[in-house]
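Notes follow the structure.
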2 protein chains.
Amino acid sequence: MRITLIGSGNVATHLGAALKNAGHYIVQVYSRNPQNAALLAYHLKAEAISDISEVNPDTDLFIISTADDAIDGIAAQLAYHQIPIVHTSGATPIQVLLKHTEHAGVFYPLQTFSKTKEVDFHTVPLCVEGAYEHLTAMLKELAQTISNNVDVVSSDKRKILHLSAVFACNFPNYLYYTAQQLLAAHHLDFNLLRPLIIETAEKVQVQFPANVQTGPAIRNDKKTMEAHIGLLNNEPVLKEIYELLSQCIIKMGEGQHRVE
Amino acid sequence: MRITLIGSGNVATHLGAALKNAGHYIVQVYSRNPQNAALLAYHLKAEAISDISEVNPDTDLFIISTADDAIDGIAAQLAYHQIPIVHTSGATPIQVLLKHTEHAGVFYPLQTFSKTKEVDFHTVPLCVEGAYEHLTAMLKELAQTISNNVDVVSSDKRKILHLSAVFACNFPNYLYYTAQQLLAAHHLDFNLLRPLIIETAEKVQVQFPANVQTGPAIRNDKKTMEAHIGLLNNEPVLKEIYELLSQCIIKMGEGQHRVE
(Lines give C-alpha, C1' and ligand atoms only; values in the text may rest on other atoms or scores of the structure.)
Protein backbone atom coordinates (compact mmCIF):
# COMPACT_ATOMS: atom_id res chain seq x y z
CA MET A 1 0.00 0.00 0.00
CA ARG A 2 0.93 3.64 -0.45
CA ILE A 3 0.80 5.29 2.95
CA THR A 4 1.22 8.88 4.14
CA LEU A 5 2.31 9.53 7.71
CA ILE A 6 1.08 12.63 9.46
CA GLY A 7 3.33 13.12 12.48
CA SER A 8 6.92 12.22 13.31
CA GLY A 9 6.77 11.24 16.97
CA ASN A 10 7.28 7.89 18.68
CA VAL A 11 4.26 6.16 17.15
CA ALA A 12 4.87 7.50 13.63
CA THR A 13 8.53 6.47 13.86
CA HIS A 14 7.92 2.88 14.96
CA LEU A 15 4.79 2.35 12.88
CA GLY A 16 6.44 3.83 9.81
CA ALA A 17 9.44 1.52 10.17
CA ALA A 18 7.19 -1.52 10.60
CA LEU A 19 5.11 -0.62 7.54
CA LYS A 20 8.16 0.02 5.43
CA ASN A 21 9.76 -3.27 6.55
CA ALA A 22 6.56 -5.07 5.58
CA GLY A 23 6.96 -3.75 2.01
CA HIS A 24 4.60 -0.80 2.02
CA TYR A 25 5.58 2.44 0.38
CA ILE A 26 5.67 5.52 2.59
CA VAL A 27 4.76 8.37 0.26
CA GLN A 28 5.29 11.34 2.55
CA VAL A 29 5.99 12.23 6.16
CA TYR A 30 4.38 15.41 7.44
CA SER A 31 5.48 17.27 10.52
CA ARG A 32 5.01 20.92 11.48
CA ASN A 33 8.70 20.84 12.29
CA PRO A 34 10.62 20.51 8.97
CA GLN A 35 13.66 18.90 10.63
CA ASN A 36 11.56 16.21 12.29
CA ALA A 37 9.77 15.55 9.02
CA ALA A 38 13.08 15.33 7.16
CA LEU A 39 14.67 12.95 9.68
CA LEU A 40 11.86 10.42 9.67
CA ALA A 41 11.30 10.77 5.90
CA TYR A 42 15.00 10.04 5.38
CA HIS A 43 14.75 6.77 7.33
CA LEU A 44 11.60 5.77 5.48
CA LYS A 45 12.82 6.91 2.05
CA ALA A 46 9.79 9.17 1.85
CA GLU A 47 9.23 12.81 0.96
CA ALA A 48 9.21 15.25 3.87
CA ILE A 49 6.59 17.98 4.05
CA SER A 50 5.84 20.54 6.71
CA ASP A 51 2.87 22.20 5.05
CA ILE A 52 -0.25 20.07 5.06
CA SER A 53 -1.38 21.61 1.76
CA GLU A 54 1.55 19.81 0.11
CA VAL A 55 0.15 16.33 0.69
CA ASN A 56 0.35 14.10 -2.33
CA PRO A 57 -3.14 12.76 -3.10
CA ASP A 58 -1.62 9.71 -4.81
CA THR A 59 -1.79 7.67 -1.61
CA ASP A 60 -4.08 4.95 -0.22
CA LEU A 61 -4.16 5.99 3.41
CA PHE A 62 -3.42 8.90 5.72
CA ILE A 63 -2.23 7.83 9.16
CA ILE A 64 -2.46 10.65 11.70
CA SER A 65 -0.05 10.07 14.62
CA THR A 66 0.03 13.49 16.18
CA ALA A 67 -0.94 14.84 19.57
CA ASP A 68 -4.58 13.97 20.20
CA ASP A 69 -5.79 17.56 20.06
CA ALA A 70 -4.28 18.10 16.59
CA ILE A 71 -6.21 15.23 14.97
CA ASP A 72 -9.41 17.17 14.40
CA GLY A 73 -7.77 20.08 12.62
CA ILE A 74 -5.58 17.89 10.43
CA ALA A 75 -8.49 15.67 9.42
CA ALA A 76 -10.40 18.79 8.41
CA GLN A 77 -7.60 19.70 6.01
CA LEU A 78 -7.18 16.19 4.53
CA ALA A 79 -10.82 15.18 4.14
CA TYR A 80 -11.48 16.67 0.72
CA HIS A 81 -9.07 14.17 -0.88
CA GLN A 82 -11.66 11.43 -0.23
CA ILE A 83 -8.87 9.09 0.82
CA PRO A 84 -9.22 6.97 4.00
CA ILE A 85 -7.93 8.71 7.13
CA VAL A 86 -7.05 6.85 10.32
CA HIS A 87 -5.61 8.05 13.59
CA THR A 88 -3.52 6.02 16.04
CA SER A 89 -4.87 7.45 19.27
CA GLY A 90 -6.24 5.28 22.05
CA ALA A 91 -8.18 8.12 23.59
CA THR A 92 -9.80 9.63 20.49
CA PRO A 93 -13.14 8.27 19.21
CA ILE A 94 -13.62 7.64 15.50
CA GLN A 95 -16.28 10.39 15.56
CA VAL A 96 -13.58 13.05 15.51
CA LEU A 97 -12.70 11.90 11.99
CA LEU A 98 -16.30 11.16 10.97
CA LYS A 99 -17.10 14.85 11.36
CA HIS A 100 -14.90 15.40 8.31
CA THR A 101 -14.98 12.22 6.22
CA GLU A 102 -16.92 9.01 5.86
CA HIS A 103 -13.61 7.24 5.11
CA ALA A 104 -12.61 7.24 8.77
CA GLY A 105 -10.81 4.63 10.81
CA VAL A 106 -8.53 3.91 13.73
CA PHE A 107 -5.23 2.07 13.76
CA TYR A 108 -4.25 1.91 17.42
CA PRO A 109 -1.05 0.12 18.47
CA LEU A 110 -1.41 -0.75 22.15
CA GLN A 111 2.20 -0.32 23.16
CA THR A 112 4.50 2.23 24.75
CA PHE A 113 7.06 3.56 22.30
CA SER A 114 10.34 5.35 22.88
CA LYS A 115 12.52 6.56 20.07
CA THR A 116 15.59 5.00 21.68
CA LYS A 117 14.23 1.46 21.91
CA GLU A 118 13.39 -0.90 19.08
CA VAL A 119 9.99 -2.59 19.25
CA ASP A 120 9.11 -5.92 17.68
CA PHE A 121 5.89 -4.87 16.03
CA HIS A 122 4.81 -8.45 15.37
CA THR A 123 3.82 -8.78 19.04
CA VAL A 124 2.17 -5.35 19.36
CA PRO A 125 -1.62 -5.60 19.68
CA LEU A 126 -3.10 -3.53 16.85
CA CYS A 127 -6.69 -2.43 17.41
CA VAL A 128 -8.39 -1.36 14.20
CA GLU A 129 -11.78 0.17 13.53
CA GLY A 130 -13.34 1.33 10.26
CA ALA A 131 -16.38 3.48 9.62
CA TYR A 132 -17.72 0.80 7.27
CA GLU A 133 -17.10 -2.87 6.76
CA HIS A 134 -14.89 -2.64 3.71
CA LEU A 135 -12.60 -0.12 5.40
CA THR A 136 -12.43 -2.23 8.56
CA ALA A 137 -11.40 -5.22 6.44
CA MET A 138 -8.76 -3.18 4.63
CA LEU A 139 -7.30 -1.88 7.91
CA LYS A 140 -7.32 -5.36 9.40
CA GLU A 141 -5.46 -6.71 6.40
CA LEU A 142 -2.92 -3.91 6.57
CA ALA A 143 -2.46 -4.45 10.31
CA GLN A 144 -1.85 -8.16 9.76
CA THR A 145 1.09 -7.36 7.50
CA ILE A 146 2.95 -5.93 10.51
CA SER A 147 1.45 -7.62 13.59
CA ASN A 148 0.32 -11.10 14.60
CA ASN A 149 -1.97 -9.57 17.18
CA VAL A 150 -4.76 -7.73 15.37
CA ASP A 151 -8.24 -7.08 16.78
CA VAL A 152 -11.22 -5.08 15.61
CA VAL A 153 -12.07 -2.86 18.58
CA SER A 154 -14.86 -0.28 18.77
CA SER A 155 -14.19 3.26 19.99
CA ASP A 156 -16.07 2.54 23.23
CA LYS A 157 -13.94 -0.48 24.00
CA ARG A 158 -10.77 1.30 22.91
CA LYS A 159 -11.42 3.94 25.57
CA ILE A 160 -11.38 1.21 28.20
CA LEU A 161 -8.24 -0.33 26.71
CA HIS A 162 -6.52 3.04 26.80
CA LEU A 163 -7.54 3.58 30.42
CA SER A 164 -6.39 0.11 31.41
CA ALA A 165 -3.06 0.79 29.70
CA VAL A 166 -2.54 3.70 32.09
CA PHE A 167 -2.94 1.28 35.00
CA ALA A 168 -0.74 -1.38 33.38
CA CYS A 169 2.04 0.85 32.06
CA ASN A 170 2.11 4.50 33.11
CA PHE A 171 1.35 3.92 36.79
CA PRO A 172 3.76 0.98 37.23
CA ASN A 173 6.49 3.07 35.60
CA TYR A 174 5.82 5.83 38.12
CA LEU A 175 6.09 3.29 40.94
CA TYR A 176 9.44 2.15 39.52
CA TYR A 177 10.43 5.80 39.74
CA THR A 178 9.40 6.07 43.40
CA ALA A 179 11.34 2.89 44.18
CA GLN A 180 14.40 4.30 42.45
CA GLN A 181 14.09 7.56 44.37
CA LEU A 182 13.83 5.70 47.67
CA LEU A 183 16.98 3.75 46.83
CA ALA A 184 18.84 6.83 45.65
CA ALA A 185 18.07 8.63 48.91
CA HIS A 186 19.88 5.78 50.72
CA HIS A 187 22.72 5.45 48.23
CA LEU A 188 21.42 2.16 46.87
CA ASP A 189 21.66 1.25 43.20
CA PHE A 190 18.53 0.89 41.04
CA ASN A 191 20.19 -2.15 39.46
CA LEU A 192 19.24 -4.05 42.59
CA LEU A 193 15.58 -3.76 41.59
CA ARG A 194 15.78 -4.30 37.85
CA PRO A 195 15.63 -8.13 37.95
CA LEU A 196 12.61 -7.92 40.27
CA ILE A 197 10.81 -5.54 37.91
CA ILE A 198 11.26 -7.73 34.86
CA GLU A 199 10.34 -10.89 36.75
CA THR A 200 7.12 -9.27 38.02
CA ALA A 201 6.13 -8.41 34.45
CA GLU A 202 7.13 -11.85 33.15
CA LYS A 203 5.00 -13.64 35.72
CA VAL A 204 1.79 -12.10 34.40
CA GLN A 205 2.64 -13.10 30.83
CA VAL A 206 1.41 -16.59 31.68
CA GLN A 207 -0.55 -16.05 34.89
CA PHE A 208 -3.25 -13.68 36.04
CA PRO A 209 -1.98 -10.98 38.41
CA ALA A 210 -4.26 -12.07 41.27
CA ASN A 211 -2.56 -15.46 41.30
CA VAL A 212 0.98 -14.10 41.64
CA GLN A 213 0.48 -11.24 44.08
CA THR A 214 3.23 -11.26 46.72
CA GLY A 215 4.31 -8.90 49.49
CA PRO A 216 3.16 -7.94 52.97
CA ALA A 217 -0.31 -6.66 52.02
CA ILE A 218 -1.57 -9.88 50.41
CA ARG A 219 -0.42 -11.75 53.55
CA ASN A 220 -2.04 -9.02 55.66
CA ASP A 221 1.32 -8.80 57.44
CA LYS A 222 0.52 -5.77 59.58
CA LYS A 223 3.88 -5.66 61.33
CA THR A 224 5.83 -5.29 58.07
CA MET A 225 3.35 -2.78 56.65
CA GLU A 226 3.61 -0.66 59.82
CA ALA A 227 7.41 -0.78 59.62
CA HIS A 228 7.27 0.32 55.97
CA ILE A 229 4.89 3.16 56.75
CA GLY A 230 7.24 4.23 59.54
CA LEU A 231 10.06 4.48 56.99
CA LEU A 232 7.87 6.81 54.90
CA ASN A 233 7.12 9.31 57.66
CA ASN A 234 8.94 12.07 55.82
CA GLU A 235 7.33 11.17 52.50
CA PRO A 236 3.63 11.95 52.85
CA VAL A 237 2.81 11.25 49.20
CA LEU A 238 4.59 7.89 49.12
CA LYS A 239 2.94 7.05 52.44
CA GLU A 240 -0.45 7.81 50.94
CA ILE A 241 0.29 5.61 47.91
CA TYR A 242 1.54 2.85 50.18
CA GLU A 243 -1.53 2.92 52.39
CA LEU A 244 -4.03 3.15 49.55
CA LEU A 245 -2.55 0.34 47.45
CA SER A 246 -1.94 -1.86 50.48
CA GLN A 247 -5.57 -1.51 51.55
CA CYS A 248 -6.62 -2.45 48.00
CA ILE A 249 -4.39 -5.53 48.02
CA ILE A 250 -5.70 -6.61 51.42
CA LYS A 251 -9.23 -6.35 50.03
CA MET A 252 -8.21 -8.26 46.91
CA GLY A 253 -6.87 -10.99 49.20
CA GLU A 254 -10.19 -11.08 50.98
CA GLY A 255 -11.93 -11.33 47.60
CA GLN A 256 -13.91 -8.17 48.27
CA HIS A 257 -12.82 -6.04 45.37
CA ARG A 258 -14.33 -6.84 42.02
CA VAL A 259 -14.79 -4.34 39.23
CA GLU A 260 -18.39 -4.69 37.95
CA MET B 1 29.16 -26.51 51.79
CA ARG B 2 26.77 -28.56 53.92
CA ILE B 3 23.57 -26.57 54.24
CA THR B 4 20.37 -27.10 56.21
CA LEU B 5 17.15 -25.46 54.99
CA ILE B 6 14.58 -24.40 57.53
CA GLY B 7 11.36 -23.84 55.60
CA SER B 8 9.89 -25.26 52.42
CA GLY B 9 8.15 -22.26 50.82
CA ASN B 10 8.95 -20.35 47.63
CA VAL B 11 12.30 -18.97 48.77
CA ALA B 12 13.50 -22.26 50.28
CA THR B 13 12.46 -24.12 47.12
CA HIS B 14 14.27 -21.84 44.66
CA LEU B 15 17.27 -21.16 46.88
CA GLY B 16 17.66 -24.86 47.70
CA ALA B 17 17.61 -25.77 44.01
CA ALA B 18 20.19 -23.10 43.17
CA LEU B 19 22.50 -24.22 45.99
CA LYS B 20 22.18 -27.87 45.04
CA ASN B 21 22.84 -27.06 41.38
CA ALA B 22 25.97 -25.17 42.43
CA GLY B 23 27.30 -28.34 44.05
CA HIS B 24 26.42 -27.75 47.68
CA TYR B 25 25.03 -30.55 49.81
CA ILE B 26 21.62 -30.00 51.35
CA VAL B 27 21.73 -31.93 54.60
CA GLN B 28 18.14 -31.56 55.76
CA VAL B 29 14.93 -29.74 54.96
CA TYR B 30 12.78 -28.79 57.91
CA SER B 31 9.11 -27.88 57.69
CA ARG B 32 6.40 -28.03 60.33
CA ASN B 33 4.37 -29.79 57.68
CA PRO B 34 5.95 -33.26 57.10
CA GLN B 35 4.60 -33.51 53.56
CA ASN B 36 6.10 -30.18 52.54
CA ALA B 37 9.41 -31.15 54.11
CA ALA B 38 9.36 -34.50 52.32
CA LEU B 39 8.53 -33.00 48.93
CA LEU B 40 11.32 -30.42 48.92
CA ALA B 41 13.79 -32.84 50.55
CA TYR B 42 13.04 -35.34 47.80
CA HIS B 43 13.92 -32.81 45.10
CA LEU B 44 17.10 -31.79 46.91
CA LYS B 45 18.10 -35.37 47.86
CA ALA B 46 18.08 -34.27 51.49
CA GLU B 47 16.60 -35.67 54.68
CA ALA B 48 13.17 -34.33 55.66
CA ILE B 49 12.44 -33.40 59.24
CA SER B 50 9.39 -31.82 60.84
CA ASP B 51 10.69 -31.64 64.39
CA ILE B 52 13.34 -28.99 64.90
CA SER B 53 14.99 -31.07 67.63
CA GLU B 54 15.98 -33.56 64.90
CA VAL B 55 18.37 -31.18 63.16
CA ASN B 56 21.67 -32.76 62.26
CA PRO B 57 24.50 -30.65 63.77
CA ASP B 58 26.87 -31.89 61.05
CA THR B 59 26.14 -28.87 58.86
CA ASP B 60 27.89 -25.60 58.01
CA LEU B 61 24.90 -23.30 57.82
CA PHE B 62 21.27 -23.04 58.79
CA ILE B 63 19.20 -21.02 56.33
CA ILE B 64 15.85 -19.95 57.80
CA SER B 65 13.30 -19.23 55.03
CA THR B 66 10.08 -19.26 57.00
CA ALA B 67 7.42 -16.65 57.66
CA ASP B 68 9.09 -13.62 59.23
CA ASP B 69 7.43 -14.07 62.62
CA ALA B 70 8.72 -17.63 62.95
CA ILE B 71 12.41 -16.67 62.60
CA ASP B 72 12.89 -15.65 66.23
CA GLY B 73 11.54 -18.86 67.73
CA ILE B 74 13.43 -21.10 65.32
CA ALA B 75 16.72 -19.28 65.90
CA ALA B 76 16.21 -19.75 69.66
CA GLN B 77 16.04 -23.51 69.13
CA LEU B 78 19.02 -23.73 66.78
CA ALA B 79 21.45 -21.39 68.51
CA TYR B 80 23.03 -23.85 70.94
CA HIS B 81 24.62 -25.75 68.03
CA GLN B 82 27.02 -22.78 67.57
CA ILE B 83 26.62 -23.09 63.79
CA PRO B 84 26.03 -19.97 61.64
CA ILE B 85 22.36 -19.10 61.19
CA VAL B 86 21.07 -16.83 58.43
CA HIS B 87 17.58 -15.81 57.48
CA THR B 88 16.37 -14.79 54.02
CA SER B 89 13.92 -12.06 55.02
CA GLY B 90 14.06 -8.56 53.63
CA ALA B 91 12.06 -7.11 56.49
CA THR B 92 13.84 -8.74 59.45
CA PRO B 93 16.94 -7.11 60.98
CA ILE B 94 19.95 -9.23 61.86
CA GLN B 95 19.29 -8.35 65.51
CA VAL B 96 16.50 -10.93 65.68
CA LEU B 97 19.17 -13.62 65.25
CA LEU B 98 21.82 -11.84 67.32
CA LYS B 99 19.59 -12.18 70.37
CA HIS B 100 20.31 -15.90 70.18
CA THR B 101 23.70 -16.36 68.53
CA GLU B 102 26.78 -14.39 67.57
CA HIS B 103 26.98 -16.48 64.37
CA ALA B 104 24.18 -14.52 62.74
CA GLY B 105 23.74 -13.42 59.16
CA VAL B 106 21.33 -12.57 56.39
CA PHE B 107 21.08 -14.07 52.90
CA TYR B 108 18.37 -12.05 51.16
CA PRO B 109 17.48 -12.79 47.54
CA LEU B 110 15.78 -9.69 46.15
CA GLN B 111 13.32 -11.40 43.85
CA THR B 112 9.70 -12.52 43.75
CA PHE B 113 9.40 -16.30 43.68
CA SER B 114 6.51 -18.52 42.68
CA LYS B 115 6.67 -22.28 42.90
CA THR B 116 5.30 -22.60 39.38
CA LYS B 117 7.96 -20.46 37.66
CA GLU B 118 11.65 -21.19 37.29
CA VAL B 119 14.04 -18.41 38.24
CA ASP B 120 17.53 -17.94 36.87
CA PHE B 121 19.29 -17.40 40.16
CA HIS B 122 22.41 -16.05 38.47
CA THR B 123 20.66 -12.74 37.90
CA VAL B 124 18.99 -12.52 41.31
CA PRO B 125 20.53 -9.81 43.52
CA LEU B 126 21.68 -11.51 46.72
CA CYS B 127 22.14 -9.18 49.67
CA VAL B 128 24.27 -10.69 52.41
CA GLU B 129 25.18 -9.50 55.88
CA GLY B 130 27.23 -11.19 58.59
CA ALA B 131 27.57 -10.37 62.27
CA TYR B 132 31.37 -10.38 61.85
CA GLU B 133 33.74 -9.99 58.96
CA HIS B 134 34.65 -13.63 58.53
CA LEU B 135 31.01 -14.65 58.40
CA THR B 136 30.22 -11.86 55.92
CA ALA B 137 33.04 -13.10 53.70
CA MET B 138 31.82 -16.69 53.94
CA LEU B 139 28.25 -15.69 53.03
CA LYS B 140 29.48 -13.55 50.17
CA GLU B 141 31.51 -16.43 48.80
CA LEU B 142 28.56 -18.79 49.10
CA ALA B 143 26.27 -16.27 47.41
CA GLN B 144 28.71 -15.90 44.53
CA THR B 145 28.44 -19.61 43.79
CA ILE B 146 24.79 -19.10 42.80
CA SER B 147 24.48 -15.45 41.73
CA ASN B 148 26.49 -12.94 39.72
CA ASN B 149 24.81 -10.13 41.59
CA VAL B 150 26.01 -10.20 45.21
CA ASP B 151 26.12 -7.21 47.53
CA VAL B 152 26.89 -6.75 51.20
CA VAL B 153 23.92 -4.80 52.54
CA SER B 154 23.32 -3.69 56.13
CA SER B 155 20.01 -4.35 57.89
CA ASP B 156 19.15 -0.65 57.72
CA LYS B 157 19.65 -0.52 53.97
CA ARG B 158 17.92 -3.86 53.49
CA LYS B 159 14.79 -2.37 55.08
CA ILE B 160 14.77 0.30 52.38
CA LEU B 161 15.40 -2.26 49.66
CA HIS B 162 12.49 -4.32 50.91
CA LEU B 163 10.24 -1.27 50.98
CA SER B 164 11.29 -0.23 47.49
CA ALA B 165 10.58 -3.77 46.27
CA VAL B 166 6.96 -3.30 47.36
CA PHE B 167 6.78 -0.23 45.10
CA ALA B 168 8.59 -1.96 42.23
CA CYS B 169 6.86 -5.35 42.37
CA ASN B 170 3.83 -5.76 44.64
CA PHE B 171 2.14 -2.49 43.71
CA PRO B 172 2.69 -2.79 39.94
CA ASN B 173 1.27 -6.32 40.09
CA TYR B 174 -1.82 -4.96 41.82
CA LEU B 175 -2.16 -2.36 39.07
CA TYR B 176 -1.93 -5.13 36.47
CA TYR B 177 -4.81 -6.72 38.36
CA THR B 178 -6.90 -3.56 38.24
CA ALA B 179 -6.23 -3.27 34.49
CA GLN B 180 -7.27 -6.86 33.99
CA GLN B 181 -10.46 -6.30 35.99
CA LEU B 182 -11.32 -3.22 33.92
CA LEU B 183 -10.86 -5.20 30.72
CA ALA B 184 -12.83 -8.18 32.02
CA ALA B 185 -15.75 -5.92 32.92
CA HIS B 186 -15.88 -4.90 29.26
CA HIS B 187 -15.25 -8.37 27.84
CA LEU B 188 -11.75 -7.48 26.70
CA ASP B 189 -8.89 -9.95 26.89
CA PHE B 190 -5.95 -9.39 29.26
CA ASN B 191 -3.71 -10.65 26.44
CA LEU B 192 -4.12 -7.23 24.85
CA LEU B 193 -2.12 -5.71 27.72
CA ARG B 194 0.57 -8.33 28.22
CA PRO B 195 2.99 -6.98 25.57
CA LEU B 196 2.63 -3.49 27.06
CA ILE B 197 3.41 -4.77 30.56
CA ILE B 198 6.58 -6.55 29.53
CA GLU B 199 7.74 -3.63 27.37
CA THR B 200 7.24 -1.19 30.27
CA ALA B 201 9.43 -3.37 32.50
CA GLU B 202 12.03 -3.87 29.76
CA LYS B 203 12.40 -0.15 29.18
CA VAL B 204 13.64 0.47 32.72
CA GLN B 205 16.22 -2.29 32.42
CA VAL B 206 18.39 0.17 30.52
CA GLN B 207 16.80 3.52 31.31
CA PHE B 208 15.69 5.32 34.44
CA PRO B 209 11.90 5.37 34.86
CA ALA B 210 11.69 9.17 34.81
CA ASN B 211 13.11 9.16 31.27
CA VAL B 212 10.54 6.74 29.87
CA GLN B 213 7.35 7.93 31.55
CA THR B 214 4.49 8.06 29.05
CA GLY B 215 0.75 8.62 29.27
CA PRO B 216 -1.63 11.53 29.75
CA ALA B 217 -0.37 12.64 33.18
CA ILE B 218 3.23 13.28 32.15
CA ARG B 219 1.90 15.36 29.23
CA ASN B 220 -0.53 17.04 31.66
CA ASP B 221 -3.22 16.13 29.13
CA LYS B 222 -6.20 17.21 31.22
CA LYS B 223 -8.81 16.30 28.63
CA THR B 224 -7.76 12.64 28.51
CA MET B 225 -7.39 12.42 32.28
CA GLU B 226 -10.89 13.84 32.76
CA ALA B 227 -12.29 11.34 30.26
CA HIS B 228 -10.55 8.50 32.13
CA ILE B 229 -11.86 9.68 35.48
CA GLY B 230 -15.34 9.85 33.95
CA LEU B 231 -15.02 6.16 32.99
CA LEU B 232 -14.22 5.35 36.63
CA ASN B 233 -17.28 7.02 38.14
CA ASN B 234 -18.60 3.72 39.43
CA GLU B 235 -15.21 2.67 40.74
CA PRO B 236 -14.36 5.00 43.61
CA VAL B 237 -11.20 3.14 44.62
CA LEU B 238 -9.78 3.00 41.10
CA LYS B 239 -10.70 6.65 40.68
CA GLU B 240 -8.76 7.49 43.85
CA ILE B 241 -5.72 5.55 42.61
CA TYR B 242 -5.98 7.22 39.21
CA GLU B 243 -6.17 10.72 40.67
CA LEU B 244 -3.43 10.22 43.23
CA LEU B 245 -0.90 8.65 40.83
CA SER B 246 -1.72 11.10 38.05
CA GLN B 247 -1.11 14.04 40.39
CA CYS B 248 2.23 12.49 41.35
CA ILE B 249 3.22 12.03 37.71
CA ILE B 250 2.25 15.62 36.88
CA LYS B 251 4.48 16.77 39.75
CA MET B 252 7.27 14.50 38.56
CA GLY B 253 6.96 16.12 35.13
CA GLU B 254 7.25 19.52 36.75
CA GLY B 255 10.33 18.31 38.63
CA GLN B 256 8.74 19.06 41.98
CA HIS B 257 8.81 15.66 43.58
CA ARG B 258 12.13 14.44 44.83
CA VAL B 259 12.55 12.00 47.69
CA GLU B 260 15.10 13.47 50.07
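Every chain is numbered from 1 and lettered A, B, ... according to where its sequence line falls, protein lines coming before strand lines.
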Is it the backbone or the side chain of [X] that comes under 4.5 Å from a heavy atom of chain B, or both, or neither?
X        : value
A:Val166 : side chain
A:Ser246 : both
A:Phe208 : both

Residue selection (most heavy-atom pairs with chain B, distance under 4.5 Å) from A:Thr92, A:Ile241, A:Asp156, A:Asn234:
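It is A:Ile241.
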If we define contacts as heavy-atom pairs under 4.5 Å, which of A:Pro125, A:Ala210, A:Pro216 has the most with chain B?
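It is A:Pro125.
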With heavy-atom distances below 4.5 Å as the criterion, would you say the side chains of [X] and [Y] are in contact?
X        : Y        : answer
A:Cys169 : B:Ile197 : no
A:Leu232 : B:Leu163 : yes
B:Val204 : A:Tyr177 : no

Kindly check if the number of other-residue, nucleotide or ligand heavy atoms within 6.0 Å of NZ (A:Lys140) is above 12?
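12 or below, so no.
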Within the supplied structure, the quantity of interest is the number of heavy atoms (other residues, nucleotides, ligands) at a distance under 6.0 Å from A:Glu118 CD; does it exceed 12?
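Not buried by this count: 12 neighbours or fewer within 6.0 Å.
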In Å, rounded to the nearest 0.5 Å, how long is the span from [atom1] of [X] to [atom2] of [Y]?
X        : Y        : atom1 : atom2 : value
A:Ser164 : B:Phe190 : OG    : CZ    : 9.0 Å
A:Leu245 : B:Leu245 : CG    : CG    : 6.0 Å
B:Tyr174 : A:Ile250 : OH    : CD1   : 11.0 Å
B:Lys157 : A:His187 : NZ    : NE2   : 6.5 Å
B:Asn10  : A:Thr214 : CG    : OG1   : 9.0 Å
A:Ile198 : B:Gln205 : CD1   : CD    : 4.5 Å

Apply side chain to side chain contact (heavy atoms under 4.5 Å, CB included) to B:His162 and A:His228, showing your working.
CA-CA 9 Å; B:His162 188 252; A:His228 283 168; 2.9 Å; yes
Which residue out of [options] racks up the most heavy-atom pairs below 4.5 Å with chain A?
options                                : result
B:Ala91, B:Ala227, B:Ala165            : B:Ala165
B:Gln180, B:Lys203, B:Glu240           : B:Lys203
B:Thr224, B:Leu244, B:Thr123           : B:Leu244
B:Gln207, B:Glu199, B:Arg219, B:Glu202 : B:Glu199
B:Val119, B:Asn191, B:Leu161           : B:Leu161
B:Ala217, B:Ala67, B:Ala184, B:Ala179  : B:Ala179

Heavy-atom proximity to chain A below 4.5 Å, by part of B:Asp68:
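For B:Asp68, the contact with chain A is made by the side chain alone.
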Chain A heavy atoms under 4.5 Å from B:Lys223: which part of the residue, side chain, backbone, both or neither?
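The answer is neither part of B:Lys223.
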Taking every non-hydrogen atom, the tightest pair across [X] and [Y]:
X        : Y        : result
A:Leu192 : B:Leu110 : O-CD2, 3.4 Å
B:Phe167 : A:Leu238 : CZ-O, 3.7 Å
A:Leu193 : B:Ala168 : CD1-CB, 4.0 Å

Could you tell me whether A:Tyr242 and B:Phe171 have their ring centroids closer than 6.0 angstrom?
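Yes, ring centres under 6.0 Å apart.
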Applying the side-chain hydrogen bond (donor to acceptor under 3.5 Å, both in side chains) test to A:Gln213, which of B:Asn170, B:Asn173, B:Thr112 qualifies?
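Going through B:Asn170, B:Asn173, B:Thr112 one by one, the side-chain hydrogen bond (donor to acceptor under 3.5 Å, both in side chains) with A:Gln213 is satisfied by B:Asn173 alone.
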Using non-hydrogen atoms and a limit below 4.5 Å, what part of residues 146-153 of chain A faces chain B?
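The stretch touches chain B at A:Asn149, A:Asp151.
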Ignoring hydrogens and angles, tell me if any N or O in the side chain of B:Gln111 forms a donor-acceptor pair with the backbone of A:Pro195 under 3.5 Å.
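Between the backbone of A:Pro195 and the side chain of B:Gln111 there is a qualifying donor-acceptor contact (under 3.5 Å).
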Where do A:Leu175 and B:Leu175 land on the side chain to side chain contact (heavy atoms under 4.5 Å, CB included) test, with the steps shown first?
CA-CA 10 Å; A:Leu175 294 172; B:Leu175 295 172; 3.4 Å; yes
